[in-house]
K.L.:
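First the structure, which I've put down as structure tokens, then a few questions once you've had a look.
Below, read A as the first sequence line, B as the second, and so on, with proteins coming before strands; counting in each chain starts at 1. Every heavy atom of this structure was used, including side-chain atoms; hydrogens, water molecules and symmetry mates were not.
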There are 2 protein chains.
Amino acid sequence: MPTIRQLAALAGVSHSTVSRALRDDPQIGEATRRRIQALAREYHYQPNRLAQGALSGASRLLGFISGDLSLPFGARLLRGIYDAAYGAGYQVLVTETWREMPRLLQAVHTLLAQRVQGMLIVHINPIPLPRQAVLEIISHNVAAVLLDHSRAERPLTRVCTDESALADLAVGYLHDLGHRHIAFVGPSIGAFRGERTAAIRQALTRRGLSSQYLVDWQTEAYHGFSAATTLARALAHRPCPTAIIGFEDRIAAALIQAAQARRLSVPRAVSIMGCANLNIAEFTAPPLTSIEQHPEEIGRRACRHVIARLTAPDPAGGDVPALIQVPPTLVIRDSCAAPAR
Amino acid sequence: MPTIRQLAALAGVSHSTVSRALRDDPQIGEATRRRIQALAREYHYQPNRLAQGALSGASRLLGFISGDLSLPFGARLLRGIYDAAYGAGYQVLVTETWREMPRLLQAVHTLLAQRVQGMLIVHINPIPLPRQAVLEIISHNVAAVLLDHSRAERPLTRVCTDESALADLAVGYLHDLGHRHIAFVGPSIGAFRGERTAAIRQALTRRGLSSQYLVDWQTEAYHGFSAATTLARALAHRPCPTAIIGFEDRIAAALIQAAQARRLSVPRAVSIMGCANLNIAEFTAPPLTSIEQHPEEIGRRACRHVIARLTAPDPAGGDVPALIQVPPTLVIRDSCAAPAR
DNA sequence: TTGTATGCGTTATCAT
DNA sequence: ATGATAACGCATACAA
């Protein structure tokens, strides 16, 4: 691949003429422009974006930091991010922390050294982001966004599912089906109670239903989680719940398995519902009714937000939203039905 | 973040002294070195990698091209790639083609313009890579590798599952369980017959089993695939197969559903096995016995190979392997059992 | 309309 | 041991 100077030599002009011709500068000879563009194509010339970035300071690079790259939800977020970045002519640099805090700091450093203009962070939920990382990012004046995180990180904008809408969708659907005793099952790590739990509770009370049916456990979502135990705890309530909402599909799928191990037919004896509409949802037996959170859309909006802030005239204005919410939708399959009377 | 010159001004030395101090140049004053390094830390100085790349030509950038970023298998490949890249100090630029050929060409262009030193491609299987893309990559002297692709693309190294080992694992396990009539179900798009089909056939004959039980369909894997029809075709063979291997977990999971719709108990009436050990495998009922292909390892090896070629003294040698194979392993769950006699 | 000169943030090669 | 200068590939202000 030639440099701009070599191409200029080939064309018998100066390199600045080539530069202008390729950028469709208005004040350039029509013939020259055509000739140079043809030559550029012939030799597969591509301007060196590294050099462009070094010169202008605008790298047109965005950084993606993931706690765990192999998560299907994260992969779909990345897809949305890439889609928006691609549309705006930005490139995405990918990074993983393996759920370790020191690695997160290092990822921030690395991306800063690459002069990314924005960062999109999918941290491990709901562990707080190290303060130092946040400070470093904002001190370097990089537009950063936190995706799919249930915990606010003060100056950073967060892009998430609209948890309130999700709860209304889930509770509303089951309520309309005739359920009056609805349990919610999810993790509650440390002192932190997820937004989702709170949203479900509100949705229940809004419909005049009891919100006593909350089952949680004091570890991370899947660590030491026992579907059998959890199911037993949920069904121990009186009156017995006729429907259970799992805070995520993997929990719900495990509950289905646990129910069937107890010879409880789903959805006849108990309805079970998931959240996230992961790829597993269509393969459980029965297929799992779930709430689609549209991770691609979350990624897309997050990325658009970052890019908008990059191109905004004055980013100092305090008009950056703290939270952008993406509405979820209901995906009806076969794991929920009217309760047996 | 300061530039090297600003830092030099702060330290009251020249920028070249700073550069040397940070790179631990042997001929630098111990005191000066310490002082400058402390200052660099204090001001969070990070050398601009764009400028470094522009100067040296070594961008330390790798490009990842995926046909579909949202695929769980691809996400795990990416994880392995990142792991190896991270270990060697390379960054990964991510790109997606949305399964469209023109976008693939464009992705190659873009990555070339970013001066990536290597490319890792997960193309849509088994569609051939456009010749033009391959030529462009090699003409720019970039080390490229094709991942998880069942079709050879001449000068490019391919990193894949060891299909022969996979077939032996699958057939061997079922055979040892007592099965004598084993069907294989998979797509065969156009004139292309997957390596997997061929490998299974060989494994069957190697064990003295009939390889007549092959069911395929003339479209892409999941496009227009009907589990019910496919299952009926498989079970129409005489003698009736007692076990079915699906070429991938999603196929196998759909077959389980289809079998149960026909009131055929799995694994009592028929054993069903998958490949890839996707996350869905643990949530089917019964949980799916499958073959783990270790996509992280595939990604890791592919990336290591690329980096090795980058740092090799002479990449012109014809000793680049055409194919690197990663051994799969068997994951036993509950969808396979001894055949009913 | 086109060419020349300067600068971006580095590293490397001269000096001193 | 340290400083001045050149160079990387590109864009652009200014000169012609």
K.L.:
Without decimals, in angstroms, what is the distance between A/Gln6 CD and D/dC10 C1'?
P.N.:
13 Å

K.L.:
Can you list every salt bridge (charged side-chain N to carboxylate O under 4.0 Å, His left out) pair that touches residues 10-26 of chain A, not counting sequence neighbours?
P.N.:
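Every pair satisfying salt bridge (charged side-chain N to carboxylate O under 4.0 Å, His left out) with a residue in residues 10-26 of chain A: A/Asp24-A/Arg33.
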
K.L.:
Strictly by ring-ring contact (aromatic ring centres under 6.0 Å, His included), give each pair with a member in residues 17-40 of chain B just once, sequence neighbours left out.
P.N.:
none

K.L.:
With sequence neighbours excluded, tell me which residues meet salt bridge (Lys or Arg N to Asp or Glu O under 4.0 Å) with A/Arg103.
P.N.:
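Testing A/Arg103 for salt bridge (Lys or Arg N to Asp or Glu O under 4.0 Å), a comparison that skips the adjacent residues, returns A/Glu100.
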
K.L.:
Would you say A/Ser19 places a side-chain N or O within less than 4.0 Å of OP1 or OP2 belonging to D/dC10?
P.N.:
no

K.L.:
Does any pair with a residue in residues 84-108 of chain B pass ring-ring contact (aromatic ring centres under 6.0 Å, His included), and if so which ones, sequence neighbours excluded?
P.N.:
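Those involving residues 84-108 of chain B are B/Tyr82-B/Tyr86.
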
K.L.:
Could you tell me how far apart B/Arg23 (CZ) and C/dT10 (P) are, to the nearest whole angstrom?
P.N.:
11 Å

K.L.:
Please collect all side chain to side chain donor-acceptor pair (under 3.5 Å) contacts where either partner lies in residues 109-119 of chain B, sequence neighbours excluded, each pair once.
P.N.:
B/His109-B/Glu136

K.L.:
Under 4.5 Å between any side-chain heavy atoms of A/Ile124 and A/Asp68, yes or no?
P.N.:
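Side-chain contact under 4.5 Å: no.
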
K.L.:
ring-ring contact (aromatic ring centres under 6.0 Å, His included): which pairs involve residues 12-48 of chain A, sequence neighbours left out?
P.N.:
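Listed once each, the pairs would be none.
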
K.L.:
How would you summarise protein contacts on nucleotides 2-9 of chain C per nucleotide, using B for base, S for sugar-phosphate only and - for none, with heavy-atom distances below 4.0 Å?
P.N.:
BBBB-BBB

K.L.:
So which pairs with a foot in residues 121-147 of chain A pass ring-ring contact (aromatic ring centres under 6.0 Å, His included), sequence neighbours left out?
P.N.:
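ring-ring contact (aromatic ring centres under 6.0 Å, His included) check on residues 121-147 of chain A returns A/His123-A/His149.
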
K.L.:
Enter the inter-axis angle for the ends of the helix from C/dT1-D/dA16 to C/dT16-D/dA1 (five pairs per end, rounded to 10°).
P.N.:
50°

K.L.:
What's the CZ-C1' distance between B/Arg34 and D/dA1, to the nearest Å?
P.N.:
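Checked: the CZ to C1' distance equals 17 Å.
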
